[in-house]
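Convention: sequence-line order gives letters A, B, ...; per-chain numbering from 1. All figures in this text were calculated on a predicted structure; none of them were measured in a lab.
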Number of protein chains: 2
Amino acid sequence: MDRFQDLCERLHQKEYKLTPQRKIILRALLNGDDAHLSAEDLYGIVKQQNPEIGLATVYRTLELLAEIDVLQKIDFGDGRLRYELASEEAHHHHHLICTRCGKVLEFEDDLLDSLEQAIQCRNQFRILDHQLKFFGVCKECQIE
Amino acid sequence: MDRFQDLCERLHQKEYKLTPQRKIILRALLNGDDAHLSAEDLYGIVKQQNPEIGLATVYRTLELLAEIDVLQKIDFGDGRLRYELASEEAHHHHHLICTRCGKVLEFEDDLLDSLEQAIQCRNQFRILDHQLKFFGVCKECQIE
DNA sequence: TTTGCTGCAAATGTTTTGCAATATC
DNA sequence: GATATTGCAAAACATTTGCAGCAAA
């Protein structure tokens, strides 16, 4: 099965229209799958295919895709939101952010699930999401 | 020992001048110790004591205090930074954020330290800080 | 044909900055 | 008195919104 068509289908189901702009944005997202793209990043990419496209459309599409859980918003604390494809294996992963060069490593995590359970009970809080970030200095930047 | 004088001393050591504005801001921070104040919040408080004070001064002072580790910046993802006093007991605590009413609960955490160790080794990343946030619906908002 | 979508420009809201006046050390 | 700090206004920046025209269904 094709990932792109799968996503198109998902828009269809939610009664959203499948415009050329949205298609271009979806393809760009699928291409740079490992990147943590900001709206501006994506705008740059997408404009090459269709210079007419507006930045507002990119923002609106990203918002929409996050709404229907195609994308996940991530915030590295650098003043702009970034987006990544929500992986079908609902496995949480988190980020190691180098405060010198801005590089981002990912790591898997299962460990947090039990903590989440405990906190949920103790505080009578219905937890919907969690976010874990480590800040530090990457291997390369330690040398310099 | 007085916490306020301790902080004044700390500014002194770093060769920063002890202006009336900075004193007022420090006192306001010490007063509302449990709150997670944004720059604008603090500006509102501080203006009552000295209506002359400028918002830019508040921003500059908060930045300065975060720089010398008196304050910790926190980001609840609501589009503004917040600040809290970095507690002397270097105990990490984290936040439960209600996505409906914005309420914030705190919880202690030791559990993450071992995870931090493991990740540090595995990725050869020198970890300086971590940040854990849970998003969900608080007890009160679940009822409504 | 209807309704949702787009591009543009203007508005928003937070934070930063330039600068001349001022206050601390 | 030298230099850091202030207040103000303007700038910067990411993001959102109003709206008239356009396009997907």
A.B. asks: Indicate for each nucleotide in nucleotides 15-25 of chain C, in 5' to 3' sequence, whether protein heavy atoms under 4.0 Å reach the base (B), only the sugar-phosphate (S), or nothing (-).
C.D. replies: BBBB-----BS
A.B. asks: Quick one: A/I25 CD1 to C/dC5 P, roughly how many Å, whole number?
C.D. replies: 13 Å
A.B. asks: Are OP1 or OP2 of D/dG7 and a side-chain N or O of B/Q21 less than 4.0 angstrom apart?
C.D. replies: yes
A.B. asks: Can you tell me the distance, in whole Å, between the CD atom of B/E52 and the C1' atom of D/dT6?
C.D. replies: 11 Å
A.B. asks: Measure CG/B/L62 against P/D/dT6 and give the value in whole Å, please.
C.D. replies: 12 Å
A.B. asks: Any sub-3.5 Å donor-acceptor pair from A/R22's side-chain atoms to A/K17's backbone N or O?
C.D. replies: yes
A.B. asks: In terms of the angle between their ring planes, are B/H95 and B/H36 parallel, tilted or perpendicular, with boundaries placed at 30° and 60°?
C.D. replies: perpendicular
A.B. asks: Between B/L64 (CG) and D/dA4 (C1'), how many Å, whole number?
C.D. replies: 11 Å
A.B. asks: Side chains of B/F107 and B/L132: does their closest heavy-atom pair fall under 4.5 Å?
C.D. replies: yes
A.B. asks: Does the pair B/E67/B/K73 count as a salt bridge with the N-to-O cut at 4.0 Å?
C.D. replies: no
A.B. asks: Taking any heavy-atom pair under 4.0 Å as a contact, classify A/E15: base, sugar-phosphate, or nothing.
C.D. replies: nothing
A.B. asks: Report the distance from atom CG of A/L26 to atom P of C/dC5, rounded to the nearest whole Å.
C.D. replies: 13 Å
A.B. asks: Is the count of non-hydrogen atoms from other residues, nucleotides or ligands lying under 6.0 Å from A/E140 atom CD greater than 12?
C.D. replies: yes
A.B. asks: Roughly, in whole Å, what's the span from CG in B/D75 to P in C/dT14?
C.D. replies: 13 Å
A.B. asks: Write down the distance between OH (A/Y43) and C1' (D/dT15), rounded to a whole number of angstrom.
C.D. replies: 14 Å
A.B. asks: Given 3.5 Å as the limit, does a donor-acceptor pair link the side chain of A/R80 with the main chain of A/S38, or not?
C.D. replies: no
A.B. asks: Roughly how many Å is it from CD in A/E67 to C1' in C/dG4, rounded to a whole number?
C.D. replies: 16 Å
